[in-house]
Amino acid sequence: MTDTSALSSATHTSTTQTVPGAPVEVSAGLQQPGPYFGEYGGRFVPESLIAALDELTAAWEAAKADPAFGLELSDLHRTYTGRPSIITEVPRFAAHAGGARIILKREDLNHTGSHKINNVLGQALLTKRIGKTRVIAETGAGQHGVATATAAALFGMDCVIYMGEVDTERQALNVARMRLLGAEVVAVTSGSRTLKDAINDAMRDWVTNVETTNYIFGTVAGPHPFPAMVRDLQRIIGDEAREQVIELTGSLPSAVAACVGGGSNAMGIFTAFIDDPEVALYGYEAAGDGADTPRHAATITKGRPGVLHGARSYLLQDEDGQTVESHSISAGLDYPGVGPEHAWLADIGRANYRPITDAQAMNALRLLSRTEGIIPAIESAHALAGALELGKELGPESVILVNLSGRGDKDMTTAGTYFDLLDAGAEQQ
Amino acid sequence: MSGASSSTSPVAARISQRRDDGTGALVGYLPIGFPDLDTSIEAAVALVENGVDILELGLPYSDPVMDGPVIQAAAQQSLANGFKLRHAFDAVRAVKERVSAPVLLMTYWNPIIQFGVDSFADQLQAAGGAGLITPDLVPDEATGWLAASDRTGLDRVFLAAPSSSETRLRRTAEVSRGFVYAVSTMGITGARADVDRAARGLVGRLRDVGVDGESAFTCVGIGISTGKQVREVLGYADGAIVGSALVAALAEGGVSAVAACAAGLSEGTAPVGADDAIAAVADVAREGSVSA
Ligand SMILES: Cc1ncc(COP(=O)(O)O)c(C=O)c1O
């Protein structure tokens with residue numbers, strides 16, 4: 001790695017010529033600075049939040065331009081997160097994918113067990129920079145909550161995590177982790193009692209306590225600057241992987257695959273390849289019982305444009321614009337919205353978004369466990385299931401880079417029940 | 001030109017009239033369809049009969065980020081009972097048949113986008129509605145609504161916050177019509193013991209950018225639950241907006257309770273000097289504002 005800064009976007013080693021030290025030419029490629037991605041994005045929030053969003057935008061622009069900030073963050077990633085994360089080729093798994101080569105980017109090996117830490121450490125450093133002492137966050141699977149509670153412990157900040165009551169039940173271990181780390185976990189009982197309602201309550205907290213509090217948003221959705229800022233903080237995944245895959249195979253991958261909840265791990269791995277037209281980009285949405293049933297979270301596949309949580313994007317909604325509840329076996333993908341940059345990439349055809357059912361994801365989860373000894377998060381298993389399909393489509397000459405966004409430890413209760421692995425006797429005692 | 005100063009707005013006209021009385025306007029909020037459509041209409045009429053000058057009827061929405069628990073719960077119940085957007089026009093029409101007070105709708109923005117901004121404006125106007133209060137639409141994102149409201153003459157009430165910059169306050173004052181909605185605390189809706197001091201400062205800053213209280217108006221909302229607070233607010237602002245206290249009264253005691261609550265609140269709009277009336281205000285209102 002030539003990496004000196006975690007935020008460097010000039011790490012491309014082939015196909016694009018970058019002059020070292022030259023400013024990144026955003027307008028030359030598809031990467032957008034926000035607040036708009038085509039007709040998506042923006043800031044549909046109460047006026048009370050505009051000043052805080054302006055402050056955050058300015059602080060982020062200044063931090064991004066400050067080499068000291070980039071160095072501090074990459075130092076943290078090296079000594080705390082465990083970056084760069086490795087890539088692992090998985091031939092025994094790939095044998096089930098029409099013989100395509102499959103390479104995993106191992107975000108599951110990061111401290112706290114997922115890609116969420118990449119974003120959180122950046123935003124926590126930013127919180128310090130703007131002088132706020134309290135952080136709040138929403139969480140679905142609990143991974144973003146755990147990462148935020150971790151950063152708050154590391155930096156000595158007060159921390160409150162909002163989590164839908166339904167999710168506190170299905171991800172009970174992560175609730176215990178957050179509490180152990182010193183965070184207060186608020187079980188949200190309004191609305192559908194899942195991630196979308198946790199975001200509502202976190203926004204309400206922020207509106208009320210904006211003078212002392214920074215909202216560490218967990219994905220590339222929400223009002224500007226979150227979609228662009230979270231992407232910038234996650235792009236390290238793709239920046240590393242692009243070099244690693246080229247080093248391993250001698251060329252760019254044929255396709256990049258990632259699961260899409262709000263879309264941060266997907267934007268994180270897509271961004272480095274976005275101006276490589278020969279690399280196909282695939283985002284896999286949670287189709288729950290099936291995209292053609294009422295129980296799914298396939299926002300781009302089945303939704304239509306609207307406004308939720310401060311941005312215009314695709315959205316699962318009824319004819320009146322009321323948000324429809326989403327369903328997925330994976331708490332981290334159980335969200336009726338999606339980041340605005342994905343909406344735009346879908347519309348212009350740069351990225352493809354496809355549905356993966358609960359059953360497909362769980363089969364891929366078991367297959368990777370049994371063939372490679374790697375237990376993925378159920379979220380990430382959606383990308384793995386996608387790669388199994390894609391390999392058969394693209395053929396044995398293809399190389400598919402999959403973002404393994406997290407590890408499966410948090411999902412053992414769900415998987416144990418799903419596959420009937422729990423000792424019935426032990427359970428009954 | 002400054003919409004907040006439009007002389008064609010019935011909302012502005014009503015505020016102006018109350019200012020001429022030596023006081024200010026009481027704006028009362030209730031969600032449509034809570035506890036059911038008919039009762040919400042009865043309750044709205046009862047507000048006006050008990051001294052509310054301007055009605056603010058809320059469109060129930062699945063993700064109301066600006067609302068506290070009382071209003072959230074009411075909106076959720078209304079949706080569970082089958083509230084649809086078209087019921088908003090029915091409600092406005094039914095209320096306007098019985099009272100002359102102007103009726104504004106308070107709505108989050110996505111339902112309006114999905115309905116179509118232009119057709120929503122047309123149907124609201126046809127139903128006799130005065131305009132929209134838009135808690136999650138800032139003027140920066142409002143191009144379509146600015147055009148639709150200019151075409152129809154509907155009021156457009158935008159929010160101003162203590163944290164808003166002077167540039168933003170100026171822009172908000174410029175594009176608002178009817179009044180500017182000054183958020184009195186940095187928080188969400190919900191009854192509070194004290195109306196935040198920040199409100200006074202914010203109204204002062206709005207005065208500095210042209211919301212002068214004679215041709216353009218500012219109403220203070222969020223946190224008001226007693227007649228005494230209404231009176232305090234009207235000491236420096238042109239109107240006082242009350243929501244959660246009324247919704248809580250309706251939830252607990254039905255139409256008669258919400259009527260009593262409104263009567264208590266409206267004593268705070270008695271012209272200054274009517275001290276006898278004021279003395280009783282705090283007690284009456286405290287009874288009404290069960291969630292204070
Ligand atoms: C392991 C893992 N992958 C993916 C996601 C989905 O989020 P995003 O789409 O923002 O990457 C989550 C969210 O909790 C997660 O924990």
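Throughout, a chain's letter reflects where its sequence line sits, starting with A, and its residues are numbered from 1.
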Is a side-chain donor or acceptor of R295(A) paired with a backbone partner of S328(A) at a separation under 3.5 angstrom?
-> no
Part of [X] within contact of chain A (heavy atom distance under 4.5 Å):
X	answer
S164(B)	both
L159(B)	both
F115(B)	neither

Is it the case that N200(A) and D63(B) place a side-chain donor and acceptor less than 3.5 Å from each other?
-> yes
Are side-chain N/O atoms of Y61(B) and N110(B) paired as donor and acceptor at under 3.5 Å?
-> no
Identified side chain to side chain contact (heavy atoms under 4.5 Å, CB included) partner of V211(B) from the options L169(B), V203(B), T218(B), T172(B) = T218(B)
Quick check on [X] against chain B: is it the side chain, the backbone, both or neither that has a heavy atom closer than 4.5 Å?
X	value
L315(A)	side chain
Q317(A)	side chain
R43(A)	both

Highest number of heavy-atom pairs under 4.5 Å with chain A among P64(B), A73(B), A142(B) belongs to P64(B)
For chain A, which of L79(B), D140(B), T134(B) has the most heavy-atom pairs under 4.5 Å?
-> L79(B)
Would you please name every residue forming a salt bridge (Lys or Arg N to Asp or Glu O under 4.0 Å) with R86(B), sequence neighbours left out?
-> none
Report the C-alpha distance between F217(A) and F226(A) in whole Å, list the side-chain angles of each, state the deciding distance to 0.1 Å, and finish with yes or no for ring pair (Phe, Tyr, Trp, His ring centres under 6.0 Å).
-> CA-CA 7 Å; F217(A) 199 71; F226(A) 290 116; 5.2 Å; yes
